[in-house]
Student: 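One structure coming up, written as structure tokens, with questions to follow.
Only heavy atoms go into these numbers, but all of them, side chains included; no hydrogens, no water, no symmetry mates.
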Amino acid sequence: MLIKKKLYIKTWGCQMNTYDSSKIIDLLNSTHGYQITEIVEEADILLLNTCSIREKAQEKLFHQLGRWKKLKDINHNIIIAVGGCVASQEGNSIFKRAPSVDIIFGPQTLHRLPEMINKFKSNGNPIIDITFPEIEKFDYLPDPVAKGPSAYISIMEGCNKYCSFCIVPYTRGEEISRPCDEILFEIVQLAEQGVREVNLLGQNVNAYCGKTFDGANCSFAELLRLVAAIDGINRIRFTTSHPIDFTDDIIDVYADTPELVNFLHLPVQSGSDRILNMMKRSYTILEYKNIIRKLRKVRPGILISSDFIVGFPGETESDFHHTMQLIYDINFDMSFSFIYSPRPGTPAAYLSDNVSYYEKKQRLYILQKRINQQAINHSAAMLGSIQRILVEGISHKNIMELAGRTENNRLVVFEGTHNMIGKFVDIEIINVYANSLRGKILRTEDEMQLIN
Ligand code: SAH
Ligand code: F3S
């Protein structure tokens with residue numbers, strides 16, 4: 001009997017990394033037959049997909065590699081590979097500090113992993129490839145495989161914005177958009193496998209500018225319309241967009257394209273123009289509010305979530321007050337908010353900082369408490385309403401129930417039957433909890449079609 005080789009993969013950080021890891025799993029399965037395992041001790045290859053956006057990523061990496069070295073001391077045949085943004089940043093120095101590592105790859109070279117593994121197996125020499133070879137990555141990935149009714153599709157890579165605090169442009173390279181037809185083809189393939197919702201991924205999706213088949217440019221707004229026209233795709237989400245590229249043609253799509261969900265994640269980072277300027281974000285609070293105002297004109301109920309950095313070097317009480325004021329004014333729903341963490345090599349890391357860590361922690365606490373309260377209020381307002389949800393599967397908490405998501409990303413649990421999984425149902429919200437909602441089915445998808 002042929003024993004399948006096992007792959008253990010650990011992923012840090014963002015949705016981009018989660019997407020990359022799922023592609024690595026599919027790729028190594030198709031080229032080498034590797035099967036994913038959750039048990040680290042039984043793995044033939046250990047793979048770490050790192051993220052360096054915050055925290056002490058380098059230290060975390062070497063701690064993890066120390067633990068894996070112990071496994072390799074027992075089984076010399078294990079291959080250890082490190083990828084992602086820390087690999088891109090640290091490069092060769094990883095081999096020096098952790099000689100048990102065999103392969104180092106970057107976010108743009110993961111498609112070369114099969115070849116790197118073969119080479120390593122043939123001569124046992126460590127291999128590194130952290131280059132940024134244009135967009136070839138996508139040409140070498142296997143056909144997409146649906147993992148449920150919702151799927152991620154990368155539409156662009158990298159970032160050109162160089163916000164003064166951020167490491168991404170250095171680790172993931174310049175903005176490159178995938179050709180439009182390639183994206184559409186991938187989504188059609190997924191739709192044929194039952195996918196109903198797509199989440200278009202990229203560091204700055206609204207800076208998208210891809211080529212069409214005949215060499216013309218396709219903007220993000222145009223791409224959204226093309227995706228909405230694909231048979232079977234009823235919901236479109238995207239992460240993440242930048243206020244500076246949030247042009248009026250995108251707002252026009254919200255006006256006439258119901259497939260675009262009534263929920264937008266639009267990172268603002270701070271409510272103080274002084275701090276935004278130091279962050280090199282290239283917009284003012286008035287401009288940010290103007291986008292939201294126009295959006296709410298065409299989509300009155302749209303919920304907005306955001307990213308915040310608290311305690312940027314020199315952030316005063318007054319700057320923080322402006323951030324809190326913006327949080328009230330926009331009435332944000334949820335946020336990813338963190339204390340500023342200096343990233344080596346970025347301009348902000350050289351700014352002097354007179355705000356104590358204690359003060360920063362207090363500000364973060366105040367900010368998160370307020371936004372959580374607003375999120376609870378938004379959920380409470382949904383009580384008694386009718387929501388269309390996409391049924392993702394069986395509830396993790398109770399196997400007798402199903403779970404799915406509303407357009408505004410709330411998890412809803414309800415009693416239903418297995419044939420509803422992967423389809424839409426209309427639900428009345430009958431209870432609201434801190435992290436989920438409970439609902440009662442009003443109509444199944446078949447019944448909707450009779451009504452619509
Ligand atoms: N374009 C991507 C940005 C990735 S970084 C996106 O918008 O998703 C994701 C978030 O991490 C940023 O919006 C920012 O709020 C946070 N972040 C980035 N660098 C940081 C740093 N040095 N310290 C704290 N938070 C940071
Ligand atoms: Fe980072 Fe700013 Fe780009 S947060 S990913 S440099 S938009």
Side-chain angles (χ1 to χ4, degrees), residues 7-30 34-38 40 43 45-55 57 60-61 64 81-89 105-111 113 135 137-138 140-159 166-168 171-173 176 178 183 186-187 189-190 193 195-205 208 235-241 261 263 265 267 305 307 334-338 390 392-393 396 403-405 409 411 435:
L7 159 71
Y8 179 88
I9 187 162
K10 202 173 173 77
T11 307
W12 298 349
C14 57
Q15 278 172 332
M16 240 69 70
N17 265 16
T18 309
Y19 174 85
D20 281 351
S21 288
S22 77
K23 291 288 166 193
I24 293 172
I25 294 166
D26 291 348
L27 177 67
L28 294 185
N29 182 270
S30 76
Y34 278 117
Q35 288 201 327
I36 191 83
T37 176
E38 306 262 299
V40 63
I45 178 162
L46 298 171
L47 206 148
L48 184 61
N49 192 5
T50 61
C51 169
S52 58
I53 202 85
R54 282 175 293 265
E55 311 164 65
K60 215 167 120 190
L61 167 68
Q64 179 63 61
V82 179
C85 287
V86 187
S88 170
Q89 210 182 338
F105 62 99
Q108 310 302 7
T109 49
L110 57 90
H111 59 288
L113 257 175
I135 202 83
K137 166 174 164 184
F138 294 99
Y140 292 88
L141 295 177
D143 286 343
V145 182
K147 312 255 159 44
S150 181
Y152 288 99
I153 291 100
S154 174
I155 66 165
M156 52 90 67
E157 289 273 329
C159 180
C166 183
I167 195 84
V168 169
T171 56
R172 284 190 172 254
I176 304 169
R178 284 178 78 187
I183 296 167
E186 184 169 333
I187 298 176
Q189 285 176 302
L190 288 164
Q193 297 171 55
V195 165
R196 310 293 300 274
E197 170 185 280
V198 289
N199 196 332
L200 308 178
L201 272 188
Q203 298 294 342
N204 275 309
V205 285
Y208 177 83
R235 264 189 193 174
I236 306 174
R237 302 181 187 277
F238 53 83
T239 4
T240 302
S241 49
V261 293
F263 181 87
H265 180 70
S305 71
D307 289 353
M334 303 196 266
S335 77
F336 294 103
S337 44
F338 298 93
L390 179 56
E392 286 172 4
H396 291 304
R405 284 192 184 265
N409 231 353
L411 187 72
N435 298 314

Student: Keeping the roles fixed (side chain from Asn29, backbone from Gln35), state whether a donor-acceptor pair exists under 3.5 Å.
Tutor: no
Student: Going by heavy atoms in the side chains, are Asp26 and Lys147 under 4.5 Å from each other?
Tutor: yes
Student: I would like to know whether Phe263 and Met334 meet side chain to side chain contact (heavy atoms under 4.5 Å, CB included); could you show each step before the answer?
Tutor: CA-CA 11 Å; Phe263 181 87; Met334 303 196 266; 4.1 Å; yes
Student: Is Thr50 reaching over with its side chain to a backbone N or O of Gly83, donor-acceptor style, under 3.5 angstrom?
Tutor: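 Indeed, once roles are kept as given, a pair shorter than 3.5 Å links the two residues.
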Student: Under 4.5 Å between any side-chain heavy atoms of Ile45 and Leu113, yes or no?
Tutor: no
Student: Could you tell me if the side chain of Gln203 sits less than 4.5 Å from the side chain of Thr240, heavy atoms only?
Tutor: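 They are not in side-chain contact.
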Student: Can you confirm whether Asn204 sits close enough to Met156 that some side-chain heavy atom of one is under 4.5 Å from a side-chain heavy atom of the other?
Tutor: yes
Student: Please identify each residue that fulfils ring pair (Phe, Tyr, Trp, His ring centres under 6.0 Å) with Tyr208, with sequence neighbours left out.
Tutor: none
Student: Not counting sequence neighbours, which residues clear ring pair (Phe, Tyr, Trp, His ring centres under 6.0 Å) with Phe105? List them please.
Tutor: none
Student: Between Ser88 (side chain only) and Thr171 (backbone N and O only), is there a donor and an acceptor less than 3.5 Å apart?
Tutor: yes
Student: Does Gln89 reach the side chain of Ile167, with side-chain heavy atoms less than 4.5 Å apart?
Tutor: yes
Student: Can you tell me how far the OG1 atom of Thr11 sits from the CG atom of Leu47, to the nearest 0.5 Å?
Tutor: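 One finds 8.0 Å between OG1 of Thr11 and CG of Leu47.
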Student: For Glu186, enumerate each residue passing the salt bridge (Lys or Arg N to Asp or Glu O under 4.0 Å) test, keeping only those at least two apart in sequence or located in another chain.
Tutor: Lys23, Arg178
Student: Can you list everything that forms a side-chain hydrogen bond (donor to acceptor under 3.5 Å, both in side chains) with Thr37? Sequence neighbours excluded, please.
Tutor: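 side-chain hydrogen bond (donor to acceptor under 3.5 Å, both in side chains) list for Thr37, sorted by chain: Glu42.
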Student: Test side-chain hydrogen bond (donor to acceptor under 3.5 Å, both in side chains) on Ser21 and Asn49 and set out the steps.
Tutor: CA-CA 7 Å; Ser21 288; Asn49 192 5; 3.0 Å; yes
Student: Is there side-chain contact between Leu48 and Leu61, with heavy atoms separated by less than 4.5 Å?
Tutor: yes
Student: I'd like to check the salt bridge (Lys or Arg N to Asp or Glu O under 4.0 Å) partners of Lys10; sequence neighbours left out, ordered by chain and number.
Tutor: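 For Lys10, no residue satisfies salt bridge (Lys or Arg N to Asp or Glu O under 4.0 Å) once neighbours in sequence are set aside.
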Student: Between Cys51 and Val86, which heavy-atom pair has the shortest distance, and what is it?
Tutor: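 Heavy atoms only, the tightest pair is O-CG2, 3.7 Å.
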Student: Just how far is it from atom SG of Cys159 to atom CD1 of Ile176, taken to the nearest 0.5 Å?
Tutor: 12.0 Å
Student: For Asn199 and Thr239, what are the C-alpha separation, side-chain angles and deciding distance, and is it a side-chain hydrogen bond (donor to acceptor under 3.5 Å, both in side chains)?
Tutor: CA-CA 7 Å; Asn199 196 332; Thr239 4; 3.0 Å; yes
Student: According to salt bridge (Lys or Arg N to Asp or Glu O under 4.0 Å), who are the partners of Arg172, at least two apart in sequence or on a separate chain?
Tutor: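 Expected list: Asp20, Glu157.
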Student: Assert yes or no for the condition that the ring centre distance of Phe336 to His265 is strictly below 6.0 Å.
Tutor: yes
Student: Does any non-hydrogen side-chain atom of Ile155 lie less than 4.5 Å from one of Leu201?
Tutor: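 No, their side chains stay 4.5 Å or more apart.
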